[in-house]
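All residue numbers in this chain count up from 1 along the given sequence. As the structure is a prediction and not an experimental result, all values here were calculated from the model. Whatever order the structure lists ligands and atoms in, that order sets their numbers, starting from 1.
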Amino acid sequence: MKQHPKDERTLVVIKPDGVQRGLMGEIIRRYENVGLKLVGMKMLVPSERHVEAHYTLDPNWRRVTGEKTIKSYREKGMTPPSEDPLEITAKILANLKKYLSSGPVVAMVWEGAHAVGIVRKITGGTEPLSSDVGTIRGDFVLDSYTMADTDTRAVRNLVHASGSVPEAEAEIPHWFKQEELTDYRIIHEEILYDVNLDGILE
Ligand code: ADP
Ligand code: MG
């Protein structure tokens with residue numbers, strides 16, 4: 001059965017810096033404000049193994065993230081740390097394992113129309129230096145690839161958000177058991193999705 005677009009789900013993880021910076025409420029508020037529905041949430045300290053498995057669920061992640069880093073350096077007229085995308089991501093992955101397992105994170109599943117795309121838009125681009133103003137990564141943090149590479153660490157950008165629907169479909173079961181997600185109706189949906197708007201007037 002084909003799902004209705006409003007039933008799309010995505011994974012968001014508030015990374016350890018988001019928790020430490022006291023931004024949990026602000027981050028949740030932004031996804032809530034747009035009309036998305038929170039269907040699962042928990043705090044945990046992920047193991048390095050869990051983090052590595054999370055990032056390598058998508059077989060293309062190593063190549064794509066390496067290429068994205070090289071492109072960003074070039075656009076700034078700078079020389080990337082390596083010409084080999086896989087060499088770049090091997091380092092990124094090692095640093096990401098340290099970053100994400102350094103303290104508690106908050107994992108969440110959000111549901112609603114175009115949940116994946118809407119959450120990415122609100123979250124902003126990967127590198128805070130160039131993330132748009134108005135996004136979480138653009139408004140609340142100031143890191144860059146150069147900063148991260150100079151200090152041999154991961155870019156600190158407050159949140160993880162699934163990059164595509166297939167990525168979300170692979171990531172959600174990696175973080176949540178079926179019974180940890182709740183199917184329920186929220187009153188907002190009557191206005192967001194009701195076709196006839198015939199339930200308002202007495
Ligand atoms: P996104 O989180 O926006 O989907 P990626 O999937 O490409 O970004 O990368 C995963 C995470 O790895 C990023 O959020 C960031 O924390 C870190 N990261 C990505 N590229 C680099 C880099 N060049 N140097 C350091 N850390 C990086
Ligand atoms: Mg990603």
Side-chain angles (χ1 to χ4, degrees), residues 9-21 23 27 30-31 46 48 50-110 114-132 134-172 174-175:
R9 287 180 168 184
T10 192
L11 178 83
V12 172
V13 181
I14 305 180
K15 295 175 175 178
D17 52 331
V19 174
Q20 294 300 318
R21 298 267 317 277
L23 290 170
I27 290 166
R30 290 188 170 212
Y31 301 129
E48 290 200 6
H50 185 82
V51 174
E52 170 152 1
H54 162 80
Y55 281 108
T56 51
L57 285 168
D58 173 5
N60 294 319
W61 179 82
R62 291 174 196 262
R63 183 180 49 78
V64 171
T65 297
E67 287 172 356
K68 199 161 84 174
T69 303
I70 293 171
K71 186 163 168 270
S72 161
Y73 269 89
R74 292 248 164 77
E75 279 169 0
K76 296 185 188 105
M78 296 162 70
T79 313
S82 161
E83 295 299 327
D84 177 5
L86 298 186
E87 199 182 314
I88 292 183
T89 17
K91 289 207 188 97
I92 294 176
L93 193 55
N95 294 330
L96 270 174
K97 289 198 279 185
K98 266 198 253 169
Y99 172 30
L100 283 197
S101 61
S102 66
V105 304
V106 176
M108 300 177 279
V109 177
W110 289 91
H114 310 290
V116 172
I118 295 279
V119 162
R120 283 296 281 204
K121 181 185 71 167
I122 293 171
T123 303
T126 306
E127 187 191 26
L129 174 60
S130 56
S131 318
D132 291 332
T135 66
I136 295 167
R137 288 165 168 177
D139 285 356
F140 296 113
V141 68
L142 41 63
D143 210 8
S144 67
Y145 290 136
T146 319
M147 281 280 294
D149 289 343
T150 304
D151 294 341
T152 325
R153 59 168 177 77
V155 164
R156 295 186 187 145
N157 54 11
L158 304 172
V159 261
H160 165 78
S162 306
S164 64
V165 172
E167 206 175 286
E169 284 169 353
E171 288 177 353
I172 291 168
H174 183 63
W175 290 81

Name the atoms and distances for all side-chain donor-acceptor pairs under 3.5 Å in residues 59-66, with sequence neighbours left out.
from: W61; atom 1: NE1; to: T65; atom 2: OG1; distance (Å): 3.0
from: R63; atom 1: NH1; to: E67; atom 2: OE1; distance (Å): 3.4
from: T65; atom 1: OG1; to: W61; atom 2: O; distance (Å): 3.1

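Salt bridge K68/E75: absent, no basic N to carboxylate O contact under 4.0 Å. K76 and E127 are joined by a salt bridge, as a carboxylate oxygen and a charged side-chain nitrogen come within less than 4.0 angstrom of each other. With respect to R156 and D151, no salt bridge is recorded, no charged nitrogen being found less than 4.0 Å from a carboxylate O.
The ring-ring contact (aromatic ring centres under 6.0 Å, His included) test applied to H50 returns H174, W175, not counting sequence neighbours.
At a 4.0 Å heavy-atom cut-off, ligand 1 does not touch R156 at all. In T123, neither the side chain nor the backbone holds a heavy atom less than 4.0 Å from any atom of ligand 1. Of all the heavy atoms of D149, the ones lying under 4.0 Å from any atom of ligand 1 belong exclusively to the side chain. Here L96 has side-chain heavy atoms under 4.0 Å from ligand 1, and that is the only part of it that gets that close. With a heavy-atom cut-off of 4.0 Å, T69 touches ligand 1 through its side chain alone.
Nearest protein heavy-atom neighbour of atom 10 (C) of ligand 1: Y55 CE2, 3.5 Å. With hydrogens left out, the protein atom closest to atom 18 (N) of ligand 1 is I92 CG2, 3.7 Å, a heavy atom. Of all protein heavy atoms, the one closest to atom 6 (O) of ligand 1 is W61 NE1, 2.9 Å. The nearest protein atom to atom 25 (C) of ligand 1, hydrogens excluded, is given as V155 N, 3.4 Å; this is a heavy-atom distance. If you check which protein heavy atom lies closest to atom 4 (O) of ligand 1, you get R120 NH1, 2.8 Å. The nearest heavy-atom contact from the protein to atom 1 (P) of ligand 1 is T126 OG1, 3.5 Å.
For the pair K15 and N157, the minimum side-chain heavy-atom distance is below 4.5 Å.
Distances below 4.0 Å separate heavy atoms of N157 from the following atoms of ligand 1: 13 (C), 14 (O), 15 (C), 16 (O).
Taking a 4.0 Å cut-off on heavy atoms, R137 registers as neighbouring ligand 1. For the pair G163 and ligand 1, no heavy-atom separation below 4.0 Å is found. The shell of residues lying under 4.0 angstrom from ligand 1, judged by heavy atoms, includes K15. Heavy-atom separations between R153 and ligand 1 include at least one value shorter than 4.0 Å.
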